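These notes are about the structure you will find just below.
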Amino acid sequence: MQKYLITGGAGFIGSNFIRYMLSKSDDITIINLDKLTYAGNLDNLKDIESDDRYRFVKGDICDSGLVNSLMKDVSVVVNFAAESHVDRSIGTPDEFIQTDIFGCFILLEAARKYGIERFMQISTDEVYGSIDNGLFKETDALMPSSPYSASKAGADRLVYSYYITYQMPVVIPRSSNNFGPYQYPEKLISLFITNALDKISLPVYGDGKNVRDWLYVQDNCEALDCILHHGKDGEVYNVGAGNEKDNLEITQLIIDATGNTENLITFVEDRKGHDRRYALDVSKIRSLGWEPRHDFHSALNETVDWYRDNRWWWEKLKSGEYLEYYRHHYKRDL
Ligand code: NAD
Ligand code: DAU
């Protein structure tokens with residue numbers, strides 16, 4: 001029986017990963033420790049909340065007493081918990097440093113005390129910074145450019161230090177931009193799909209030519225599972241699907257899939273320190289046997305369908321505090 005502590009499991013990728021792991025294996029129990037920040041949402045896990053193999057605990061990964069009490073009963077830790085939105089980190093970096101770095105340290109210390117069998121730290125391709133040409137390899141220097149990516153880089157290397165210093169069996173995936181169901185509507189694809197369904201403008205930053213490598217969340221979950229079980233101790237693994245698209249291409253695809261026109265596009269002030277392009281060499285994880293199974297265009301269309309069919313999930317998120325934050329932070333209405 002594998003006993004998991006999954007942190008941040010009420011967020012976008014964490015909830016998809018919990019659902020995936022429970023569907024794949026009977027021989028598993030999962031504790032989901034999540035603080036339920038604005039991005040944490042128990043609606044993401046409604047279909048599995050009464051599964052006997054699953055338990056939700058509301059709490060903070062920075063709470064050492066709570067983390068230690070949970071760590072006693074588990075053998076595997078997967079740390080998704082983080083403040084995850086670059087724009088928010090530019091306005092208010094405090095929580096990013098606290099959760100993404102200090103929270104990770106609290107988890108590592110408890111994992112060290114209880115001799116955990118596997119510690120997987122969910123890192124990100126953003127730790128490398130921007131690359132104009134070519135692909136980042138796992139051995140390249142980390143040059144993060146936002147408080148978000150710098151906090152993730154700090155945690156990434158802190159986890160590695162526990163492998164070198166204490167021989168903790170860690171693995172560190174660095175995935176590219178995910179999209180799919182249950183993504184909080186503040187990230188490019190989830191925001192633009194939900195705006196487009198409501199015929200609200202799509203705010204493209206700068207010239208819209210920034211490039212990301214888009215990865216369907218289901219493919220990412222399979223990659224994380226592969227790294228967890230087959231990755232080598234102390235190793236970093238890039239995860240990407242090779243779907244390089246600039247933001248205007250993504251915007252046009254969403255406009256087409258929702259039956260809108262380009263009139264919906266509004267060019268707005270660029271993000272500060274905006275990384276131009278992310279692109280990964282993924283030969284290392286390919287050598288473990290993983291490859292993405294989903295075609296990008298079909299996955300994007302399925303994602304649009306999911307948001308169209310699940311207004312109950314996102315409509316209530318895009319009201320009240322969300323609109324206040326949007327007006328205050330971006331100095332404009334949706
Ligand atoms: P998300 O913002 O949707 O979810 C984060 C979750 O962490 C939320 O449920 C939130 O409540 C929880 N959380 C925040 N602070 C916490 C704390 N102190 N204690 C306990 N729980 C806390 O994020 P996501 O997009 O699902 O990303 C998950 C992880 O994957 C993050 O570590 C992120 O850096 C990483 N990542 C994301 C992407 C992407 O494209 N979204 C790509 C690569 C890596
Ligand atoms: O690369 C992995 C990272 O991807 C993760 O580590 C982060 O948690 C995740 O938030 C994401 O970061 P990005 O900054 O790349 O994603 P975001 O969806 O915020 O933006 C994608 C691109 O779209 C980026 O070039 C900025 C642009 N954008 C974004 C928003 C929200 C816009 O043009 N308009 C917008 O309104």
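Counting starts at 1 for both ligands and their atoms, in listed order. The first residue of the sequence shown is numbered 1, and numbering continues consecutively from there. Because the structure is a prediction, the values reported are computed rather than measured.
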Centroid-centroid under 6.0 Å between Y216 and F179 rings: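 Ring-ring flag for Y216/F179: true, centres closer than 6.0 Å.
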
Ring centroid separation W306 to Y182 under 6.0 Å: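 Yes, ring centres under 6.0 Å apart.
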
Does a donor on one side chain sit under 3.5 Å from an acceptor on the other, for [X] and [Y]?
{"X": "Q2", "Y": "H229", "value": "yes"}
{"X": "N243", "Y": "D213", "value": "no"}
{"X": "T258", "Y": "N260", "value": "yes"}
{"X": "Y184", "Y": "N44", "value": "no"}

At what distance is the nearest protein heavy atom to [atom], and which residue and atom is it?
{"atom": "atom 34 (N) of ligand 2", "result": "P203 O, 2.7 Å"}
{"atom": "atom 25 (O) of ligand 2", "result": "H274 NE2, 2.7 Å"}
{"atom": "atom 4 (O) of ligand 2", "result": "N177 ND2, 3.0 Å"}
{"atom": "atom 18 (O) of ligand 2", "result": "L188 N, 2.7 Å"}
{"atom": "atom 23 (O) of ligand 2", "result": "N247 ND2, 3.3 Å"}
{"atom": "atom 12 (O) of ligand 2", "result": "E126 OE2, 2.6 Å"}

Contact check, [X] vs ligand 1, heavy-atom distance below 4.0 Å:
{"X": "F80", "result": "yes"}
{"X": "G59", "result": "yes"}
{"X": "S176", "result": "yes"}
{"X": "Y148", "result": "yes"}
{"X": "L36", "result": "yes"}
{"X": "G103", "result": "no"}
{"X": "P173", "result": "no"}

For K58, all residues meeting side-chain hydrogen bond (donor to acceptor under 3.5 Å, both in side chains), sequence neighbours excluded: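 Residues passing side-chain hydrogen bond (donor to acceptor under 3.5 Å, both in side chains) with K58: none at all.
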
By side-chain hydrogen bond (donor to acceptor under 3.5 Å, both in side chains) - contacts of D73 (at least two apart):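 Here no residue qualifies.
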
N or O contact, D125 vs ligand 2, cut-off under 3.5 Å: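 Between D125 and ligand 2 (N or O atoms, distance only) the closest approach is under 3.5 Å.
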
Numbering as shown, the atoms of ligand 1 that approach I13 to under 4.0 Å (heavy-atom distance):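 In order of numbering, the contacting atoms are 26 (O), 27 (O), 30 (O), 37 (C), 38 (C), 39 (C), 41 (N).
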
Distance filter under 4.0 Å to Y148 heavy atoms, resulting ligand 2 atoms: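 Answer, ordered by atom number: 5 (C), 6 (O), 7 (C), 8 (O).
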
Between [options], which one has a non-hydrogen atom sitting closest to [atom]?
{"atom": "atom 14 (O) of ligand 2", "options": "K187, R174, R271, H85", "result": "R271"}
{"atom": "atom 29 (C) of ligand 2", "options": "F179, Y128, Y205", "result": "Y205"}
{"atom": "atom 10 (C) of ligand 1", "options": "N16, T37, V239", "result": "T37"}

Minimum side-chain heavy-atom gap T124-D156 below 4.5 Å: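 The answer is no; the side chains never approach within 4.5 Å.
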
Part of H85 within contact of ligand 1 (heavy atoms, under 4.0 Å):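 H85 to ligand 1: no contact under 4.0 Å from either part.
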
Ligand 1 contact on Y182 by region, counting heavy-atom pairs under 4.0 Å: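 The answer is neither.
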
Parallel, tilted or perpendicular, as decided by the 30° and 60° cut-offs, for the rings of F80 and F17: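 If you compare the ring of F17 with that of F80, the planes turn out tilted.
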
Closest non-hydrogen atom pair, L215 against S176: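 Closest approach of L215 to S176, heavy atoms only: CB-OG, 3.6 Å.
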
Stacked cation flag R88 on Y38, 6.0 angstrom / 45 deg: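 Ring-cation test returns yes.
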
Over-ring placement of R212 relative to Y278, 6.0 Å and 45° cut-offs: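 Satisfied, under 6.0 Å and within 45°.
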
